[in-house]
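In what follows, a single structure is set out as structure tokens and then discussed.
Just the heavy atoms: all of them, side chains too, but no hydrogens, waters or symmetry mates, feed the values below. Predicted model, so just to flag it, every value in this text is computed and none were measured.
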Amino acid sequence: MTPPSAVRRPSRLLPLVPLALAGTLALTGCDALTGPPAPEPARTAAGGTALRAVEELPVKGRAPRTGYERSAFGSAWADTDRNGCGTRDDVLAEQLDDVKRDAGGCKVLSGVLDPDPYTGTRIVFRRGRSKVDIDHLVALSDAWQKGARQWSAGKRRAFANDPLNLVAADSSANRRKGDGDTATWLPPNKGYRCVYVAGQVAVKAKYGLWVTAAERDAMRKVLSGCPDRKLPAGGAPTEAPSR
């Protein structure tokens, strides 16, 4: 099916959860807001809170990063949902406003991220001059060190392209995050932190990843400021096709 050449999507994916300033930020709850509030997640579980789900995550130490390569998670932005478009363009089309595509219907040429979830600012996206990244809420390297090293190739491809784990965000903030987890990095837009951390909990629960003790404590601290925040659900299957 050929997507329209120009769309405006009213809903946005979690953190929708896609993916922040230098150094470790103070772990404050959602009651301290310094930016515009984030949109509600597009998908929530029928019951259960993100705070409660934190207690069900296994707790272990961080494994070595040895052997990690981006290619271990498949080619970047593979078309795992078989809709004819790469994942990056799918996420841009879903999470940006005023989207315009190329004649082929897949490549997103322009759009507006308003607000950017990580900084709370308005960012104009133009292909080739983009200040917008697609961030993995749970970074691939972090996943590798907390269970993904033992996964099948198909599960790693699914993880890297799962909409539940992808968010369009300011490129500078995303690059400052690196492969940080909740204990070492949070979005500077405090109004988005509950959504962001709930998304990380959901992704780790869905894929069976563990957390460190410091990460679990940081998740608790943020989510205690929004104890009724529902655990996001949905996204792609946890095993992707080979091509």
Side-chain angles (χ1 to χ4, degrees), residues 13-20 23-25 27 41 45 48-74 76 78 80 87 118 133-167 169 173-187 193-224 229 231-240:
L13 299 177
L14 172 78
L16 273 187
V17 308
L19 104 101
T24 301
L25 298 174
L27 300 179
T49 65
L51 181 60
R52 186 178 307 157
V54 171
E55 306 307 319
E56 299 175 5
L57 296 174
V59 179
K60 300 182 186 180
R62 182 185 291 271
R65 196 170 182 269
T66 306
Y68 168 73
E69 295 180 358
R70 172 61 179 85
S71 59
F73 289 81
T80 54
T87 299
Y118 287 179
D133 281 353
I134 304 303
D135 183 35
H136 292 94
L137 292 176
V138 177
L140 303 185
S141 173
D142 182 65
W144 181 264
Q145 297 170 78
K146 296 172 182 174
R149 184 175 183 176
Q150 287 76 46
W151 292 350
S152 68
K155 186 171 182 178
R156 287 198 291 265
R157 280 193 300 274
F159 179 86
N161 293 279
D162 191 335
L164 190 67
N165 193 32
L166 299 173
V167 59
N174 176 44
R175 291 163 200 180
R176 291 187 185 104
K177 169 187 173 179
D179 64 356
D181 60 23
T182 305
T184 60
W185 188 90
L186 287 170
R193 289 182 180 179
C194 281
V195 181
Y196 176 82
V197 175
Q200 288 192 332
V201 174
V203 170
K204 293 210 165 187
K206 177 178 178 177
Y207 283 88
L209 294 167
W210 69 76
V211 294
T212 65
E215 183 181 5
R216 176 202 58 198
D217 293 347
M219 287 173 163
R220 285 172 174 166
K221 186 170 185 178
V222 171
L223 293 172
S224 66
R229 168 71 59 183
L231 185 71
T238 56
E239 194 76 19

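- Judged by a 6.0 Å distance limit and a 45° cone about the ring axis, Lys146 is not positioned over the six-membered ring of Trp210.
- Separation of atoms CG (Leu137) and CG (Asp142) is listed at 11.5 Å; rounding is to 0.5 Å.
- Arg216 has its side chain within reach of Val54: a pair of non-hydrogen atoms, C-beta onward, lies under 4.5 Å apart.
- A heavy-atom distance below 4.5 Å is not found between the side chains of Asp181 and Val211.
- Using a 4.5 Å heavy-atom cutoff, the side chains of Leu57 and Met219 are in contact.
- When only modelled atom types and interatomic distance are considered, Asp162 and Tyr207 share a side-chain donor-acceptor pair under 3.5 Å.
- The shortest side-chain heavy-atom distance between Asp179 and Trp144 does not fall under the 4.5 Å cut-off.
- The backbone N or O of Glu56 lies less than 3.5 Å from no partner atom in the side chain of Arg52, so there is not a single donor-acceptor pair.
- Residue Leu209 holds its CG atom at 11.5 Å from CD of Gln145, rounded to the nearest 0.5 Å.
- Scanning all heavy atoms of the two residues, the minimum distance from Ala158 to Pro237 falls at CB-O, 3.4 Å.
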Could you go through the side-chain contact (heavy atoms from CB on, under 4.5 Å) check for Arg62 and Glu215 one step at a time?
CA-CA 10 Å; Arg62 182 185 291 271; Glu215 183 181 5; 5.7 Å; no
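- Side chain of Ser152 to main chain of Lys155: a donor-acceptor pair is present (N/O by atom type, distance under 3.5 Å, no hydrogens or angles).
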Given the rule in the side-chain contact (heavy atoms from CB on, under 4.5 Å) test, do Thr238 and Trp151 qualify, once you have shown the distances and angles that lead to the verdict?
CA-CA 11 Å; Thr238 56; Trp151 292 350; over 6 Å; no
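- Contact between Ala139 and Gly178 at its shortest, heavy atoms only, is CB-O, 4.0 Å.
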So Arg65 and Ser141, side chain to side chain donor-acceptor pair (under 3.5 Å) or not? Walk me through it.
CA-CA 7 Å; Arg65 196 170 182 269; Ser141 173; 2.8 Å; yes
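- The shortest distance between side-chain heavy atoms of Arg149 and Arg156 does not fall below 4.5 Å.
- Counting only distance, with no hydrogens or angles, the side chain of Asn161 and the backbone of Ala78 share a donor-acceptor pair below 3.5 Å.
- Here the side chains of Leu164 and Pro232 are in contact, with some heavy-atom distance below 4.5 Å.
- Within 6.0 Å of the CD atom in Glu69, the count of heavy atoms belonging to other residues, nucleotides or ligands does not exceed 12.
- A salt bridge is absent between Arg157 and Glu239; no separation between the charged side-chain nitrogens and carboxylate oxygens falls under 4.0 Å.
- With hydrogens and angles disregarded, a donor-acceptor distance shorter than 3.5 Å links the side chain of Asn165 to the backbone of Val138.
- Residue Ala240 comes nearest to Thr80 through the heavy atom pair CB-CG2, 3.9 Å, listed as atom of the first residue, atom of the second, then distance.
- For the side-chain contact (heavy atoms from CB on, under 4.5 Å) criterion with Arg229, the lone passing option out of Val197, Thr49, Val195 is Val195.
- For the atom pair SG (Cys194) and OH (Tyr196), the distance works out to 13.5 Å, reported to the nearest 0.5 Å.
- Contact check for Leu140 versus Phe159: side-chain heavy atoms found under the 4.5 Å cut-off.
- By the 4.5 Å heavy-atom criterion applied to side chains, Thr182 and Gln200 are counted as neighbours.
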